[in-house]
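Only one structure is covered here, and it is reproduced in the block below.
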Amino acid sequence: MIDLKFVRENTEELLASMRRRGEDVELGEFLALDAKRREVQQEVEPLRRKRNEVSENIGRLKKAGQKAEELVAEMRSVGDAITALESTHRELEEAQREFLLTIPNLPHATVPDGKDESENKEIRRWSPHGEEPPTLSFEPKPHWDVAEYLDIIDFNRAAKIAGARFALLKGVGAQLERALINFMLDLHTREHGYTELLPPFMVNQTSMITTGNLPKFEDDLFKVENGAYYLIPTAEVPVTNIYQDEILPEERLPIYYTAYTPCFRREAGSYGKDTRGLIRQHQFNKVELVKFTGPADSHNEHEKLTRDAEEVLKRLGLAYRVVALCAGDLGFAAAKTYDIEVWVPSQKKYREISSCSNYEEFQARRGSIRFKPKGAKKTDFVHTLNGSGLAVGRTVVAILENFQQQDGTVIIPEVLRPYMGGAERILRSEGRGR
RNA sequence: GGAGAGAUGGCCGAGCGGUUUAAGGCGGCGGUCUUGAAAACCGUUGAGUGAAAGCUCCGGGGGUUCGAAUCCCUCUCUCUCCGCCA
């Protein structure tokens with residue numbers, strides 16, 4: 001959430017930022033509400049002060065055994081006036097908050113200009129063989145064909161038991177998924193200094209408001225009907241909300257968390273996009289990285305977090321590139337975002353496998369996540385950051401496609417072998433499992 | 001699901017209609033003392049808003065009253081006992 005005072009005092013700067021995002025924001029009505037609200041507040045406060053003073057007086061008089069009838073009568077009408085003003089004030093305040101919750105974050109100065117995805121800026125590339133992605137000596141099959149031949153993913157039966165955009169992993173496919181989760185968590189906890197969490201997979205509305213998923217993006221979420229819960233679209237939501245409404249001591253910062261969770265997304269409005277395969281599912285697994293930092297450190301920590309996610313791909317030997325999202329492609333809550341895109345041979349394209357963002361104080365303000373700088377009188381908002389480290393389903397896509405062999409088998413990356421009973425290759429399974 | 005108890009400042013805990021501008025303790029910070037430290041003693045120590053005076057905040061929301069942490073309604077959460085259950 002944008003600071004109310006900032007909106008009031010830096011209106012032009014805010015509008016310029018919104019134009020960079022391609023958002024058309026109308027502030028006239030909001031600023032009028034704000035002026036009215038402050039006017040009402042200035043009216044009600046002296047009345048409250050008067051009531052406090054006179055009421056205390058009445059108490060003293062009564063204690064002394066004296067009458068206070070006129071004062072009581074007078075305060076009765078003051079009380080009515082206060083009640084009326086308070087209810088107006090509350091309505092104005094609520095209207096302001098509702099509006100503020102719909103204003104996206106300000107893009108950081110280093111975010112490139114641009115209207116959409118096509119203007120994102122490539123930052124760097126990596127591949128096991130230099131910078132360019134490796135080419136296979138035969139025509140690569142899409143991962144769903146690779147998986148079907150090996151009998152490790154069953155999309156048809158998943159559709160039967162749940163519907164479109166679900167997958168049923170089988171045998172080595174299920175093992176591969178589990179191996180990747182464990183490999184990623186081990187890397188981040190043992191080498192990158194993150195603490196592992198296993199949070200609730202459903203959260204309340206308040207948590208969704210903190211991260212920016214609500215009120216604007218309800219259509220993207222699955223809501224549980226008998227209970228006020230939402231299925232999490234990412235571990236970012238439960239983990240960021242851990243310190244909701246808390247004031248942290250400065251010495252605790254920065255805090256690094258990693259969490260595996262399934263993620264649930266409606267994918268409304270993505271009809272016809274990635275309809276086959278694992279790329280776009282209603283439910284997928286992800287290992288998430290979340291940081292809470294002081295304001296001065298967040299951009300450094302953002303760079304480090306992105307490198308931590310990249311490391312997963314390096315160890316797996318998967319080619320990727322990092323792009324900086326332009327202002328027009330930036331998510332609602334983000335001040336700055338790097339996407340990591342992995343090479344998908346059958347599509348001859350890089351596809352998003354991680355999104356690493358710095359939200360600065362945007363989410364912290366919505367969730368009131370603060371810290372007390374050492375020696376300072378005032379509290380300040382922390383900065384929150386997160387990134388996928390990585391999306392597991394899409395990592396499976398990359399492994400099946402990049403490491404497929406002409407005979408239909410798939411080489412298992414060395415770092416995963418200890419997690420898969422030492423197997424070096426995924427072979428076609430025969431018989432009973434089918 | 002049934003019965004009961006509770007939610008107060010970083011933590012513990014008093015207050016149950018009017019010097020509560022929330023007692024007291026612990027913890028934190030500063031000081032006295034000390035070669036240094038501990039102990040003891042003294043002081044200080046919640047958040048938001050505002051230039052300030054002030055105003056608001058005792059789980060959330062609503063009500064009663066001149067006046068609510070305190071009384072009433074409601075919701076949420078926690079605990080105890082019983083039942084059921086992985």
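Protein chains get the first letters and strands the later ones, always in sequence-line order, with residue 1 at the start of each.
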**Complete:** Note, RNA chain B 5' to 3' with Watson-Crick or G-U pairs under 3.5 Å encoded as ( ), [ ], | and . gives ((((((((.[[[..)..(.....]]]((((((.......))))))((((....)))).[[[[[..)....]]]]])))))))....

**Message:** Looking at Lys216(A), I'd like to know if its NZ atom is crowded, meaning that more than 12 non-hydrogen atoms belonging to other residues, nucleotides or ligands lie closer than 6.0 Å.
**Reply:** yes

Give every pair of a protein N or O atom and an N or O atom of nucleotides 10-21 of chain B that lie under 3.5 Å apart, one pair per line with the distance.
unit_1, atom_1, unit_2, atom_2, d
G18(B), N2, Ser55(A), O, 2.6

**Message:** Side chains of Glu360(A) and Asn105(A): any donor to acceptor distance under 3.5 Å?
**Reply:** no

**Request:** Kindly state each residue pair satisfying salt bridge (Lys or Arg N to Asp or Glu O under 4.0 Å) with at least one member in residues 198-213 of chain A, sequence neighbours excluded.
**Result:** none

Pick the [atom1] atom in [N] and in [M], then give their distance to the nearest Å.
N	M	atom1	result
C33(B)	A23(B)	C1'	30 Å
A69(B)	G1(B)	C1'	34 Å
C77(B)	G59(B)	C1'	8 Å
G24(B)	G15(B)	P	15 Å
G10(B)	U45(B)	C1'	11 Å
U8(B)	G25(B)	C1'	15 Å
A5(B)	A86(B)	P	31 Å
U19(B)	U56(B)	P	15 Å

Please table the atom pairs, donor to acceptor, closer than 3.5 Å between any side-chain atom in residues 69-83 of chain A and protein atoms at least two apart or in another chain.
unit_1, atom_1, unit_2, atom_2, d
Glu74(A), OE2, Lys50(A), NZ, 3.1
Ser77(A), OG, Glu74(A), O, 2.9
Thr83(A), OG1, Gly79(A), O, 2.9

**Message:** Show me the pairs that pass ring-ring contact (aromatic ring centres under 6.0 Å, His included) and involve residues 163-193 of chain A, at least two apart or across chains.
**Reply:** Phe166(A)-His282(A), His188(A)-His192(A), His188(A)-Tyr194(A)

**Complete:** For residues 4-54 of chain A, the ring-ring contact (aromatic ring centres under 6.0 Å, His included) pairs (sequence neighbours left out) are Phe30(A)-Phe99(A)

**Message:** Applying side chain to side chain donor-acceptor pair (under 3.5 Å), can you list everything that pairs with Asn358(A), at least two apart in sequence or on another chain?
**Reply:** Ser298(A), His299(A)

**Asked** Partners of Glu311(A) by side chain to side chain donor-acceptor pair (under 3.5 Å), sequence neighbours excluded?
**Response** Arg315(A)

**Request:** Determine, for nucleotides 49-65 of chain B in 5'-to-3' order, which nucleotides have protein heavy atoms under 4.0 Å from the base (write B), from only the sugar-phosphate (write S), or from neither (write -).
**Result:** SS--SBSS-----S---

**Prompt:** By ring-ring contact (aromatic ring centres under 6.0 Å, His included), which residues pair with Phe332(A), not counting sequence neighbours?
**Reply:** Phe217(A), Phe362(A)

**Item:** Residues which pass ring-ring contact (aromatic ring centres under 6.0 Å, His included) with His89(A), listed by chain and number, not counting sequence neighbours
**Value:** none

**Fill in**
The salt bridge (charged side-chain N to carboxylate O under 4.0 Å, His left out) partners of Glu218(A) (sequence neighbours excluded) come to none

**Request:** Round to the nearest Å and state the distance from Asp80(A) atom CG to G67(B) atom C1'.
**Result:** 14 Å

**Request:** Return the value, rounded to whole Å, for the distance between atom CD of Glu251(A) and atom P of G28(B).
**Result:** 12 Å

